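Below is one structure, written out as structure tokens; comments come after it.
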Amino acid sequence: MTVAMTLETLRHSTAHVLAQAVTELYPDTILGTGPSISTGFYYDFDIKHKLTQSDLNRIENRMQEIVKRKTQFEYSVLDKQEALSLMREKNQIYKIELIEDLGAADFSFYKCGSFIDLCKGPHIKDSGEIPAFKLLSVAGAYWKGSEENKMLQRIYGTAFFNKKDLRSYLNRLEEAKKRDHRVLGRELDLFSMTEETGAGLVLWHPRGACIRDIIEGYWKKEHYKAGYELFYSPHIGLADLWKTSGHLDFYNDNMYSPVNIENHDFYIKPMNCPFHIVYYKNTNRSYRELPVRLAELGTVYRYERSGTLHGLLRVRGFTQDDAHIICTPDQVHDEILQTLKFSIDMLNVFGFDKFNIFLSTKPAEKYVGKQDQWEKAQDALKTAIETLNLPFQLDEGGGAFYGPKIDIKIEDAIGREWQCSTIQFDFNLPERFNMSYVGSDGNKKRPYMIHRALLGAIERFFGILIEHYAGKFPLWLASTQVKVLNISEHNLDYSREIVEKLKKEDIRADIDDSSEKIGYKIRLGIKQKVPYLIVTGRNEQDNNTVSVRSRDEGDLGEMTLDKFISIIKNNTVNKV
RNA sequence: GCCGAUGUAGCUCAGUUGGUCAGAGCAGCUGAUUUGUAAUCAGCUGGUCGGGGGUUCGAAUCCCUCCAUCGGCUCCA
């Protein structure tokens with residue numbers, strides 16, 4: 001066997017060493033599987049003993065020993081009978097299942113010391129070739145990833161070619177922890193979620209609310225520019241509405257129980273679309289009116305299983321930056337192109353420029369709508385992506401049953417991918433609601449409907465933003481843009497005057513008029529990540545100036561207030 | 001929902017085998033200080049130890065249960 005020493009190989013081999021160590025320490029271990037993954041590797045085990053963090057240390061030490069032993073990885077091939085009997089002998093029921101599943105004639109094994117594992121390889125030459133590794137965590141994981149199956153214990157770890165890479169990876173994990181939006185959210189007093197109010201429900205504190213307001217204000221302004229009309233719909237709707245839309249049939253698991261008012265059931269909305277459609281149908285529509293573009297920051301509530309909740313990134317009540325475009329077949333291409341461009345532009349403004357775009361097409365089996373509709377829609381989506389020269393991945397058959405879609409994912413600080421923008425066709429709802437418009441030939445026609453969100457959900461997007469900026473919101477988004485710090489009581493009037501002047505210029509300014517020393521005030525201002533701190537003391541008062549300290553650029557020295565205001569205005573407009 | 005871990009003042013955490021163990025720092029408040037670029041000093045107020053139930057003469061500590069959070073899995077129209 002040739003040994004291709006890729007990071008993947010190294011990690012896969014390290015997973016074997018992990019399994020070997022665990023087997024040595026816990027002889028009753030039944031092995032699951034143990035692949036390499038993008039951040040390292042894992043191995044699943046069925047062990048009676050509940051693994052703890054301290055067990056991890058013990059296992060890691062044993063792994064170090066195995067590495068020191070420099071045992072060879074020996075390759076061998078067994079036929080099915082031999083493979084099965086070997087695994088039976090070792091009571092490896094999961095491996096037996098794998099052998100049966102694979103249905104091949106021959107099976108390759110790798111042996112390292114007394115440890116042998118079913119594996120297609122490749123592997124490193126011997127265990128001594130592992131230069132740097134670390135076990136990271138234990139977690140539960142279903143056998144074969146199915147909820148129906150038994151839950152095994154999974155150990156995560158990582159490995160690198162050298163200690164330096166490992167260290168920098170671990171540092172990155174530390175860094176990511178510091179950026180965690182849940183931590184920063186508390187430190188910067190942006191939001192909270194409490195046991196008292198309910199899991200997955202967000203309290204937007206004034207500072208967070210301020211930033212949200214700026215985001216939403218910008219969002220609205222841009223939507224008007226892009227030819228959208230704003231819409232508001234209620235939080236609950238009659239059962240019949242959701243029956244017509246199909247949500248009570250298809251989405252019921254995610255919906256909360258109804259409230260009964262005068263013998264009518266009302267459901268809290270999990271989506272905004274039905275309301276927009278009802279409005280569309282409010283009057284006879286002519287092709288001359290299309291496209292109709294309705295945008296709404298609509299707050300929806302969905303049941304999410306308790307174990308899936310995660311800070312702002314997965315919640316039960318959230319506000320979609322939703323819109324529905326209802327148009328004629330002729331308009332589909334233009335609308336999609338415009339929407340995709342809009343989406344990318346919007347994400348760019350918030351500092352995101354790394355995207356993973358997925359184009360999902362018609363599922364093989366369950367779907368609604370006609371073939372030519374799907375083709376036209378898919379063509380529009382693909383053409384738009386290509387026109388903008390964006391790389392994308394094709395997810396053949398990955399579309400929803402009601403239409404094809406584009407999903408845009410961005411990466412957060414910890415390398416997790418989060419879906420923000422989505423642009424999806426819907427062939428289902430126009431049918432169900434019998435939507436129509438009168439064409440130029442005087443006949444009633446069925447419009448195309450496009451459902452789209454650019455930021456996805458405000459809550460999730462805010463969480464991603466916090467991590468992206470590490471809490472250092474750019475000037476235009478910062479809740480407090482300038483904090484004025486007076487040196488002593490003698491400068492208080494002058495300092496307050498400065499604040500008032502800044503406020504008059506629509507600059508979000510605040511004052512720290514406590515009787516603390518300037519060092520303390522600066523420390524506090526830095527901790528709060530305020531973009532600009534202004535020091536006002538005797539010198540400034542005498543010279544009629546301010547001393548500016550920028551969060552990102554350090555001390556900018558003494559300048560006139562007018563000069564400072566123009567810097568702020570300039571940077572705000574440019575969104576830096 | 002599932003597996004595991006965790007839950008002590010607003011925050012970060014101490015609390016040895018159940019018996020002055022309800023504590024510290026920061027924050028907050030009150031005073032003093034009037035300060036020149038990352039923590040001025042002093043005093044004070046904060047907690048049914050996540051909720052409920054149980055064992056015990058006695059529970060933050062042991063048991064049960066519920067809730068929430070964390071790491072994952074699963075799910076993600």
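The figures that follow rest on heavy atoms only: side chains count, while hydrogens, waters and symmetry mates do not. A note on names: the letters A, B, ... follow the listed sequences, proteins ahead of strands, and every chain is numbered from 1. Note that the structure is a prediction, hence the values are computed from the model and not measured.
Within 3.5 Å, a donor on the side chain of A/Arg314 pairs with an acceptor on the base of B/C76, or the reverse. One cannot find a donor-acceptor pair under 3.5 Å joining the base of B/G72 and the side-chain atoms of A/Tyr142. Under 3.5 Å, the side chain of A/Ser515 and the base of B/U34 form no donor-acceptor pair of N or O atoms. At a cut-off of 3.5 angstrom, the base of B/U37 holds no donor-acceptor pair with the side chain of A/Arg523.
Between the P atoms of B/C73 and B/G15, the separation comes to 32 Å (whole Å). One P atom belongs to B/U40, the other to B/C26, and the distance between them is 11 Å to the nearest Å. Spacing of C1' atoms, B/U45 relative to B/A24, comes out at 16 Å, to the nearest Å. For the P atoms, the distance from B/C2 to B/C11 is 28 Å, rounded to whole Å.
Listed pair A/Tyr520 / B/C26 fails the phosphate criterion, with no side-chain N or O lying under 4.0 Å from OP1 or OP2.
A/Gln378 approaches A/Pro404 most closely through the heavy-atom pair CG-CB, 3.6 Å.
Closest contact between the side chain of A/Tyr156 and the listed nucleotides B/U74, B/G4, B/G72 involves B/G72.
Between the side chain of A/Glu60 and the main chain of A/Leu135, a donor-acceptor pair closer than 3.5 Å is present.
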Requested in this report: Kindly determine whether A/Thr299 and A/Gln320 satisfy side-chain contact (heavy atoms from CB on, under 4.5 Å), including the steps that lead there.
Outcome: CA-CA 6 Å; A/Thr299 304; A/Gln320 292 183 304; over 6 Å; no
**Report entry** A/Lys483 and A/Asp510: CA distance, side-chain angles, deciding distance, salt bridge (charged side-chain N to carboxylate O under 4.0 Å, His left out) verdict
**Finding:** CA-CA 5 Å; A/Lys483 205 165 175 190; A/Asp510 205 352; 5.8 Å; no
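In this structure, A/Glu540 reaches the bases: a heavy-atom distance under 4.0 Å links it to at least one base atom across the strands shown.
Within residues 187-211 of chain A, the residues having any heavy atom closer than 4.0 Å to RNA chain B are, in order of number, A/Glu195, A/Ala199.
The side chain to side chain donor-acceptor pair (under 3.5 Å) test with A/His451 is passed by exactly one of A/His276, A/Lys405, A/His324, A/Gln424: A/His324.
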